[in-house]
Amino acid sequence: MPLEILLVLVVGGIAGIAVLLHLTGKSRLQVLTPDTASEQWLRHFPDDIVVDVTVAHDGHAALVRTDTGAGLIWSFGADTVARHLRDFDWLHHPKGLEVQFHDFGTPHVIVNLDETERSHWQHLMEPA
Amino acid sequence: MTDPVSFPDAVQWAVPFFIAAILAEFLWIVIKGRGGRYETRDALTSLIMGAGNIASGLLLGFIAYAFFMWLWQITPLNLGTSIPVILLCFVLDDLRYYWVHRFGHRIRWVWASHVNHHSSQHYNLTTALRQTWTYTFTFMMVVRAPLILLGFHPAMVLFVGGLNLIYQFWIHTEAIGKMPRWFEAVMNTPSHHRAHHGRNARYLDCNYAGVFIIWDKMFGTFVPEQEDDRVDYGLVHNIGTFNPLRVAFHEWVGIWRDATQPGLSLRQRLAYCFAPPGYSHDGSRDNSEQIKAKHLDRHPEDRGTPGFEQFDVKSPDAPAEQA
């Protein structure tokens with residue numbers, strides 16, 4: 001196949017599919033509740049025992065306290081990603097907190113928090 | 001002297017079909033309200049990975065092709081290009097695919113290339129296109145050497161390999177349940193391949209087939225999809241990025257960081273490169289056998305069921321192990 005035609009097909013195909021998905025509402029983030037956050041945590045870490053869950057006001061992240069320590073779970077498109085809070089840093093961010101994981105495949109996540117939540121989360125994220 | 005044997009690049013010619021099939025699957029899901037899930041950024045990442053795979057083939061494909069042509073020059077055998085020879089080449093290349101794929105899950109160096117194909121938590125036709133950019137660096141082209149030394153022309157070997165990949169495109173879907181029993185018995189199907197993409201303990205390291213599922217049945221890696229254990233797609237530790245560069249290279253970076261940490265023996269450094277994924281020198285990570293064993297500790301009722309056959313079912317009369 002001539003390279004120019006291949007290029008047009010690939011670029012046009014990718015752009016067209018992405019626009020179609022976005023316009024049909026497939027860009028929405030998963031919204032977490034305490035129950036779904038707990039359920040999703042156990043999907044990622046089935047050996048853990050969840051002690052309690054604190055969900056951010058926008059429902060796109062939750063702090064999970066487990067028998068092995070605290071962890072963060074957050075909306076990742078229509079799904080979730082979760083990490084134990086072991087090797088991480090956090091920074092203040094205009095929207096709340098930025099958590100950095102020192103992991104090339106999961107570099108950082110921005111958690112939307114209001115002022116009250118921010119100080120509470122900072123306290124919860126401190127090592128026991 | 002120029003070599004007169006040439007075959008089309010089947011994968012490039014299949015691109016319009018890939019686009020049409022993705023649109024058809026998406027419409028089917030929207031109309032029927034079942035049969036899979038789509039998410040914009042996940043699909044976009046998969047499609048960009050697919051485009052990058054074609055680009056890496058154009059840029060780096062010459063390395064494998066030069067190797068194959070060198071083999072072709074030294075082999076005294078030439079089976080020609082008749083239809084039966086092409087069919088035989090297709091079947092043998094599928095056996096080659098089975099082993100490369102199995103190595104891809106059991107050798108971290110090869111997994112670093114293949115992992116991106118499993119990095120989506122979705123399973124739809126775009127997932128099929130979430131392909132590696134770094135296959136050349138795995139050196140798995142050597143597994144094709146026997147085919148060429150046996151007298152199959154390199155162009156034919158690459159052609160049937162392309163057909164193999166095109167076959168595997170359509171099985172990346174939840175829109176198709178089970179196929180007729182005879183088909184499920186011989187061919188790789190959406191059901192068999194869904195199980196392969198599962199991160200559930202049961203489905204780890206199973207169903208490596210490309211076209212014919214018989215290889216898994218022959219070599220003991222077949223696990224049928226279970227109605228009571230719905231497949232959870234993705235990685236044991238799912239990545240948190242849609243950035244194609246991070247998707248393509250994250251495991252290579254992981255290998256580098258692990259193998260270069262201070263205080264390790266040479267054996268431990270090599271194990272971080274070539275042992276099965278999940279190896280750690282300090283026992284801080286689990287490989288698939290350990291994940292399965294832990295699952296059985298939580299769910300002893302699964303012992304001996306598909307995917308857990310290697311863990312013996314203990315008879316109630318068996319003597320207790322000595323502490």
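A note on names: the letters A, B, ... follow the listed sequences, proteins ahead of strands, and every chain is numbered from 1.
Heavy-atom neighbours of L23(A) CG from other residues, nucleotides or ligands within 6.0 Å: above the threshold of 12. Counting heavy atoms of neighbouring residues, nucleotides and ligands inside a 6.0 Å radius, atom CZ of R28(A) does not exceed 12 of them. Counting heavy-atom neighbours within 6.0 Å of W256(B) CH2, excluding the residue itself, gives a total of 12 or less. When the shell of 6.0 Å around CD of E227(B) is examined, it contains 12 or fewer heavy atoms from other residues, nucleotides or ligands. No more than 12 heavy atoms of other residues, nucleotides or ligands shown are found within 6.0 angstrom of NE2 on H237(B).
Taken to the nearest 0.5 Å, the NE2 atom of H295(B) stands 11.0 Å off from the CG atom of D47(A). Going from atom CZ of F26(B) over to atom CG of L21(A) covers 5.0 Å, rounded to the nearest 0.5 Å. Of the inter-residue distances, the one linking L27(B) atom CG with L20(A) atom CG reads 7.0 Å to the nearest 0.5 angstrom.
R246(B) touches chain A through backbone and side chain together, each having a heavy atom under 4.5 Å away. Contact annotation for D232(B): only side-chain heavy atoms (C-beta onward) come within less than 4.5 Å of a heavy atom of chain A. Neither the backbone nor the side chain of I291(B) comes within less than 4.5 Å of any heavy atom in chain A. R43(A) touches chain B through backbone and side chain together, each having a heavy atom under 4.5 Å away. Contacts between L58(B) and chain A at a heavy-atom distance below 4.5 Å involve the side chain alone, from C-beta outward. In this structure, the portion of L6(A) lying under 4.5 Å from any heavy atom of chain B is its side chain and not its backbone. Only the backbone of L245(B) comes within contact range of chain A, with heavy atoms under 4.5 Å apart. For a residue to count as touching a neighbouring chain, one of its non-hydrogen atoms must lie under 4.5 Å from one of that chain's; by this rule F101(A) does not touch chain B. With a threshold of 4.5 angstrom between heavy atoms, L29(A) approaches chain B through side-chain atoms but not through N, CA, C or O. Proximity to chain B (any heavy atom under 4.5 Å) is restricted, for L3(A), to the side chain, taken from C-beta onward.
Of the possible donor and acceptor atoms, one in the side chain of Q121(B) sits under 3.5 Å from a partner among the backbone N and O of T80(A).
Counting heavy atoms from C-beta on, the side chains of I17(A) and I22(B) come closer than 4.5 Å.
A ring-ring contact (aromatic ring centres under 6.0 Å, His included) check over residues 102-126 of chain A, counting only residues at least two apart or in different chains, returns nothing. Pairs passing the ring-ring contact (aromatic ring centres under 6.0 Å, His included) check and including a residue from residues 6-27 of chain A, sequence neighbours excluded, do not occur.
When every heavy atom of A18(A) is checked against every heavy atom of T40(B), the shortest pair comes out as O-CG2, 3.7 Å. T241(B) approaches G105(A) most closely through the heavy-atom pair CG2-O, 3.2 Å. Of all the heavy atoms in E39(B) and S27(A), the pair that sits closest is OE2-CA, 4.2 Å. R298(B) and P46(A) get closest at one heavy-atom pair: NH2-CB, 3.4 Å. Closest approach of T106(A) and G240(B) over heavy atoms only: OG1-N, 2.9 Å. Here the closest heavy-atom approach between residue P16(B) and residue L9(A) is recorded as CG-CD1, 3.6 Å.
Using a cut-off of 4.0 Å between Lys/Arg side-chain N and Asp/Glu carboxylate O, D42(B) and K26(A) are scored as not salt-bridged.
Ring geometry for F242(B) versus F76(A): interplanar angle under 30°, hence parallel rather than tilted (30 to 60°).
No hydrogens or angles considered: a donor-acceptor pair under 3.5 Å links the side chains of H122(B) and D79(A).
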**Prompt:** Under the side chain to side chain contact (heavy atoms under 4.5 Å, CB included) criterion, do I239(B) and V81(A) qualify, and how do the steps go?
**Reply:** CA-CA 7 Å; I239(B) 57 171; V81(A) 172; over 6 Å; no
